[in-house]
A.B. asks: 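The structure's right below; bear with me while I get my questions together.
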Amino acid sequence: GIAVPAYYARLGDRAPGQLSRAISGWGLYLDGDPERALPPCAQCHGPRGRGVGHAYPRLAAQPAEYVSAQLHAFRQSQRRNDPQDVMGSIARKLTPAEIEAVAVYVAGLP
């Protein structure tokens, strides 16, 4: 569809490192990593990051720094407001580089 070209057009003014992180984050966001039992973010937050109800907040267009900080907080068990540690268990499977990639990707979603 036209969503992918539009997404990359918005990324055009970003540094090359951010673009490669966004591409990596795109894969994790939409597909996860089945080998590590890492579900895709889109499974709960929606394919466009618009959120699903109150339990799964909107991620689209959130600042990358904010999303990264929240994922790191979940990863380090500093944030524990997720039912049954769902986000904590997911964040602990992500490397710091993967957290940055997902954060850059969702920041670029409309």
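When reading the values below, keep in mind they use all heavy atoms of this one structure, side chains included, and skip hydrogens, waters and symmetry mates.
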A.B. asks: For a 4.5 angstrom cut-off between non-hydrogen side-chain atoms, does L38 reach L28?
C.D. replies: yes

A.B. asks: Let me confirm one number: the CD-CG distance from Q76 to L71, rounded to the nearest 0.5 Å.
C.D. replies: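 Nearest 0.5 Å value for the CD-CG distance: 11.0 Å.
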
A.B. asks: Do you know the tightest heavy-atom contact between A42 and P47?
C.D. replies: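 Heavy atoms of A42 and P47 come nearest at CB-CA, 3.8 Å.
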
A.B. asks: Evaluate the side-chain proximity of S77 to R92: yes if any heavy-atom separation is below 4.5 Å, no if none is.
C.D. replies: yes

A.B. asks: Looking at A103 and S68, what are the two nearest heavy atoms and their distance?
C.D. replies: CB-N, 3.7 Å

A.B. asks: Taking atom CD1 of I90 and atom CD1 of I99, what is their separation to the nearest 0.5 Å?
C.D. replies: 11.5 Å

A.B. asks: Return the minimal non-hydrogen interatomic distance between A22 and V104, and the atom names on each side.
C.D. replies: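 Nearest pair, atom of A22 first, then V104: CB-CG1, 3.8 Å.
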
A.B. asks: Are any of the side-chain nitrogens in E98 or R75 under 4.0 Å away from the carboxylate oxygens of its partner?
C.D. replies: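 R75 and E98: not salt-bridged.
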
A.B. asks: Is there a side-chain contact between N81 and F74 in this structure, where contact means two heavy atoms from C-beta onward sitting under 4.5 Å apart?
C.D. replies: yes

A.B. asks: Do the side chains of L109 and L30 join up, straight or via other hydrophobic residues, at under 4.5 Å, putting them in one cluster?
C.D. replies: yes

A.B. asks: Check the surroundings of atom CZ in R80: do more than 12 heavy atoms from other residues, nucleotides or ligands lie under 6.0 Å from it?
C.D. replies: no

A.B. asks: Specify the closest pair of heavy atoms between A37 and P39, including all atoms of both residues, with the distance to one decimal.
C.D. replies: O-CD, 3.4 Å

A.B. asks: Search all heavy atoms of A60 against all heavy atoms of R48 and return the closest pair with its distance.
C.D. replies: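 Looking at all heavy atoms of both residues, the closest pair is CB-O, 3.4 Å.
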
A.B. asks: Treating Ile, Leu, Val, Met, Phe, Trp and Tyr as nodes and any side-chain heavy-atom pair under 4.5 angstrom as an edge, say whether L59 and V86 lie in one connected cluster.
C.D. replies: yes

A.B. asks: Is a side-chain N or O of S89 found less than 3.5 angstrom from the main chain of D85, in a donor-acceptor match?
C.D. replies: yes

A.B. asks: Please verify the inter-ring angle class for Y105 with Y29; under 30° counts as parallel, over 60° as perpendicular, anything in between as tilted.
C.D. replies: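 Y105 vs Y29 ring planes: tilted.
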
A.B. asks: Closest heavy-atom contact between A107 and P63?
C.D. replies: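 Closest approach of A107 to P63: CB-C, 4.3 Å.
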
A.B. asks: Once you round to the nearest 0.5 Å, how far does CG of D82 lie from CD of Q70?
C.D. replies: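 D82 CG to Q70 CD: 11.5 Å, rounded to 0.5 Å.
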
